[in-house]
Amino acid sequence: MKKYGCAALLMLLSALLWGCVAARDPVLDSLPTYEQGVLHTHGSFQDYTDYGEYTYSGITAQTLDHNPYLRKVNVEDVAELAAYLENFEQWVELAGTCDDCRLARAYGFSSNLLMQGDYFYLINNAKSPEGIWQYSNYTIYYFSVEKQTLYYFHNNI
């Protein structure tokens with residue numbers, strides 16, 4: 001009987017630990033392995049902001065043209081991304097007034113870096129993607145070909 005009890009306990013523990021495995025990021029997984037990466041988070045649960053930078057080398061526009069997630073930035077995209085970043089930077093500013101303000105100190109992006117010919121992926125999970133809630137839950141991946149850097153922005157209020 002002990003033998004079955006131990007086996008059941010081991011199976012239960014394995015199932016619990018399997019649930020603790022970090023979720024994979026399909027966009028990051030769609031790119032070659034990054035050389036360096038850092039992700040900063042401010043807040044918790046459903047009220048948090050993430051900012052990440054992942055550096056690469058040797059990624060060309062041709063490589064990104066075949067990526068299933070990223071698409072080339074055009075003129076209209078620059079304006080849309082700038083609006084999201086304006087919202088994001090307001091949350092970064094708030095993160096600078098907390099006890100643990102690593103995100104605000106690490107934030108190294110500027111709307112001036114938005115360029116046609118770079119690549120991005122925008123996910124808007126807002127209940128109403130227009131109007132007052134437009135910026136309540138979004139994720140942006142922005143790849144600067146010149147800087148060989150993938151910038152990650154996530155905000156969920």
Side-chain angles (χ1 to χ4, degrees), residues 17-98 100-157:
L17 290 175
W18 183 259
C20 295
V21 174
R24 300 293 305 199
D25 185 314
V27 177
L28 280 176
D29 289 345
S30 73
L31 294 166
T33 304
Y34 53 85
E35 293 178 352
Q36 288 185 303
V38 63
L39 177 67
H40 297 280
T41 298
H42 173 74
S44 61
F45 190 51
Q46 287 194 343
D47 188 10
Y48 66 99
T49 303
D50 293 330
Y51 173 71
E53 290 184 16
Y54 302 89
T55 56
Y56 295 83
S57 66
I59 294 186
T60 64
Q62 291 77 20
T63 303
L64 298 173
D65 283 338
H66 298 292
N67 186 285
Y69 296 98
L70 300 172
R71 69 181 179 102
K72 197 172 276 196
V73 175
N74 64 36
V75 175
E76 295 82 19
D77 298 327
V78 171
E80 180 182 22
L81 291 168
Y84 275 94
L85 287 172
E86 182 179 334
N87 174 269
F88 188 82
E89 288 171 354
Q90 291 172 3
W91 293 104
V92 170
E93 192 174 311
L94 284 174
T97 62
C98 67
D100 178 14
C101 55
R102 283 180 286 174
L103 185 144
R105 285 193 308 265
Y107 186 70
F109 196 83
S110 165
S111 293
N112 296 336
L113 295 174
L114 296 173
M115 297 176 54
Q116 291 182 56
D118 279 343
Y119 291 78
F120 80 102
Y121 182 53
L122 170 65
I123 306 163
N124 187 328
N125 290 319
K127 289 183 173 106
S128 171
E130 296 177 0
I132 192 167
W133 294 107
Q134 178 177 357
Y135 303 114
S136 63
N137 186 355
Y138 59 87
T139 303
I140 300 170
Y141 296 85
Y142 186 86
F143 193 93
S144 169
V145 177
E146 179 184 339
K147 294 191 173 288
Q148 291 287 291
T149 301
L150 178 72
Y151 298 92
Y152 173 80
F153 311 87
H154 175 78
N155 192 52
N156 185 7
I157 59 168

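Since the model is a prediction, treat every value here as computed from it, not as a measurement.
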Next on the checklist: Measuring from atom CG of L64 to atom OH of Y56, what distance do you get when rounded to the nearest 0.5 angstrom?
Outcome noted: 9.5 Å
Checklist entry - Taking the six-membered ring for Trp, are the ring centroids of Y152 and Y51 within less than 6.0 Å of each other? => result no
Next on the checklist: Quick one, Y119 and L150 - any side-chain contact, counting heavy atoms below 4.5 Å?
Outcome noted: no
Checklist entry - Considering all heavy atoms of both residues, which atom of N87 and which atom of W91 are nearest to each other, and what is their separation? => result O-CD1, 3.2 Å
Checklist entry - Stepwise, does the side chain to side chain contact (heavy atoms under 4.5 Å, CB included) test hold for D65 with T60? => result CA-CA 9 Å; D65 283 338; T60 64; over 6 Å; no
Checklist entry - Roughly how far, to the nearest 0.5 Å, is CD1 of I123 from CG of N137? => result 9.5 Å
Next on the checklist: Would you say CD of Q116 has more than 12 non-hydrogen atoms from neighbouring residues, nucleotides or ligands within 6.0 angstrom?
Outcome noted: yes
Checklist entry - Quick one: CD on E53 to CG on L39, what's the gap to the nearest 0.5 Å? => result 10.5 Å
Item to check | Polar side-chain atom of Q134 near backbone of A126 as donor-acceptor pair, under 3.5 Å | outcome: no
Checklist outcome for this item: Heavy atoms of V27 and L70 approach each other most closely as CG1-CD2, 4.5 Å
Checklist entry - Which heavy atom of D118 sits nearest a heavy atom of V145, and at what distance? => result OD1-N, 3.1 Å
Item to check | Sole residue of V92, T139, L85, L81 in side-chain contact (heavy atoms from CB on, under 4.5 Å) with F153 | outcome: L85
Checklist entry - Please walk me through it: do Y84 and N124 pass side-chain hydrogen bond (donor to acceptor under 3.5 Å, both in side chains)? => result CA-CA 10 Å; Y84 275 94; N124 187 328; 2.7 Å; yes
Checklist outcome for this item: When every non-hydrogen atom of V73 is compared with those of Y142, the smallest separation belongs to CG2-CE1, 3.8 Å
Checklist outcome for this item: Nearest heavy-atom approach of K72 to G117 is CG-CA, 3.8 Å
Item to check | Heavy-atom pair with the smallest gap, counting every atom of S110 and E89 | outcome: CA-OE2, 4.3 Å
Checklist entry - When rounded to the nearest 0.5 angstrom, what distance separates OH in Y54 from OG1 in T149? => result 12.0 Å
Item to check | Worked verdict on S57 versus E35 for side-chain hydrogen bond (donor to acceptor under 3.5 Å, both in side chains) | outcome: CA-CA 8 Å; S57 66; E35 293 178 352; 2.5 Å; yes
Checklist entry - Do the rings of F88 and Y138 sit parallel, tilted or perpendicular, given the 30° and 60° boundaries? => result perpendicular
Checklist entry - Can you tell me how far the OG1 atom of T49 sits from the CG atom of N155, to the nearest 0.5 Å? => result 4.0 Å
Checklist entry - L113: what forms a side chain to side chain contact (heavy atoms under 4.5 Å, CB included) with it, not counting sequence neighbours? => result F109, K147, Y151
Item to check | Short side-chain donor-acceptor distance under 3.5 Å, D25 and Y141 | outcome: yes
Next on the checklist: If the condition is salt bridge (charged side-chain N to carboxylate O under 4.0 Å, His left out), which residues does D77 pass it with, not counting sequence neighbours?
Outcome noted: R71
